[in-house]
Amino acid sequence: LPLVVSAPAPRIIAGLPGRGSLNNKLRSLRLSLSLSLSLSRSPPSQIPYFVMPLWMHVFFNYSWTMFCTAWYAASVPYSLCLMVYGFGKEDISMTGLLLYMIVSYMIIFTGLCIVSTLLNILFKWVVIGRRVVGQQGWDTHSYCQRWQIYLTLEQIARRPKVGDLTGGGFMALLQGSWYLCWFFRRLGATIGQDVCLYPTSADPMMTEPDLVTLDDGACIDSASLISHINSRGAFALNALKVGAGSCLRSTSRLLSGASMEANATLLEHTLVLGGDLVDENTIVQGWPANIVLNRDALDAAATTALKT
């Protein structure tokens, strides 16, 4: 990848109007020109990993997309083949043929979903491995390229539409269930007991499960749990934590490096900035988040009111 370096903005040089001001402008122009020439003559920086050329990216993406489309459509033509084969039988009724097709489709589709899940888990550990907290720049580490490759490979489990209303692939069929927690545990997430994940879908679901910790009883609605941040081109990974009994409601966001203590709640349309901590027993809302209710203070006030 070419190293793009922009010249510093020219300083404003104080001077008298007329010829002195013109000399200052010429001096700044010569400085910028000499800097540009020196940068163009310097050797390009070496990327410490193999960078896939454009043609390889195009070929890989098109080929894998066509394969995933054929993969999920395989159950339909196979059922049609069974139907054609069944019409050749004289001792089969239309009811039997219909039941035969339905049962065959269910078995084939379920098998494809199970194999797709196992392949997704395999691709994650082969291509990505275990993520670690820290800087992962494009020009210093191969993580970003491997992540883009994995995003393409995981289409086999998440992206192709298979008749669901959300367009999230068969993953949408597991929303809010124990199976979705099992899946993300296999991807490296630390998930406690009685956790509810994405009962009303999410776009996207957690992108770096390795760096996410969900304690017992946590509930994640259609919220954002994204552990990466790209600040002015500096790509970095940070951990996320949701305490026991905490809840992220719809359209709330927990940015990279943020955390929630036990029994905290993010109301709708809430943003917790990176590095911030949501205190225990608090309810926050806003962009960025502000405390709207403290359960401890509310309980104390209720207790005082009851005593009086």
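Just so you know, these numbers use all the heavy atoms, side chains as well, and skip hydrogens, waters and symmetry mates. Values in this document were obtained by computation on a predicted structure and should not be read as measured data.
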- Classify the angle between the aromatic ring planes of Y143 and F235 as parallel (below 30°), tilted (30 to 60°) or perpendicular (above 60°).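 Rings of Y143 and F235: tilted, as their planes differ by 30° to 60°.
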
- Item | Mutual orientation of the aromatic rings belonging to F109 and Y105 [parallel < 30°, tilted 30-60°, perpendicular > 60°] |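 Parallel: the ring planes of F109 and Y105 meet at under 30°.
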
Working to the nearest 0.5 angstrom, can you tell me the gap between [X] [atom1] and [Y] [atom2]?
| X | Y | atom1 | atom2 | result |
| --- | --- | --- | --- | --- |
| S116 | E154 | OG | CD | 12.0 Å |
| N238 | E208 | CG | CD | 10.0 Å |
| T190 | L240 | OG1 | CG | 12.0 Å |
| T65 | I156 | OG1 | CD1 | 11.5 Å |
| C113 | L174 | SG | CG | 8.0 Å |

Under 3.5 Å: donor-acceptor pair, side chain of [X], backbone of [Y]:
| X | Y | result |
| --- | --- | --- |
| Q136 | L237 | no |
| S222 | S201 | yes |
| Q155 | N61 | no |
| W64 | L153 | yes |
| R249 | H269 | no |

Side-chain heavy-atom pair [X], [Y] within 4.5 angstrom cut-off:
| X | Y | answer |
| --- | --- | --- |
| V272 | L255 | no |
| L197 | I191 | yes |
| L118 | L122 | no |
| K241 | D215 | yes |
| L180 | M205 | yes |
| F67 | S63 | no |
| L187 | I121 | yes |
| F123 | I149 | no |

- Message: Quick check on F59: does its CZ atom have over 12 non-hydrogen neighbours (other residues, nucleotides or ligands) under 6.0 Å away?
- Response: no

- Message: Please check if the number of heavy atoms outside M106 that lie under 6.0 Å from its CE is greater than 12.
- Response: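 Atom CE in M106 is not crowded, with 12 or fewer foreign heavy atoms closer than 6.0 Å.
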
- Reference residue P209; test side-chain contact (heavy atoms from CB on, under 4.5 Å); the match among K124, R131, R186: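 Checked K124, R131, R186 against P209; only one passes side-chain contact (heavy atoms from CB on, under 4.5 Å): R131.
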
- Are Y150 and W147 close enough that their ring centres sit under 6.0 Å apart?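 No, too far apart.
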
- Which hydrophobic side chains are connected to Y62, either touching it within the sub-4.5 Å cutoff or through other members that do? L54, V58

- Donor + acceptor pair across side chains of D221, S250 (<3.5 Å):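 The answer is no; no qualifying pair exists.
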
- Side chains of Q135 and H141, donor plus acceptor under 3.5 Å: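 Q135 vs H141: no donor-acceptor pair found between side chains.
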
- Go through the steps to decide whether Y179 and W182 satisfy the test ring-ring contact (aromatic ring centres under 6.0 Å, His included), and finish with yes or no. CA-CA 5 Å; Y179 299 99; W182 176 89; 8.1 Å; no

- Query: Between D216 and D194, does a side-chain contact (heavy atoms from CB on, under 4.5 Å) hold up when you go through it step by step?
  - Reply: CA-CA 6 Å; D216 296 345; D194 301 324; 6.0 Å; no

- Check the pair V212 / F184 against side-chain contact (heavy atoms from CB on, under 4.5 Å), numbers first and verdict last. CA-CA 10 Å; V212 176; F184 281 111; over 6 Å; no

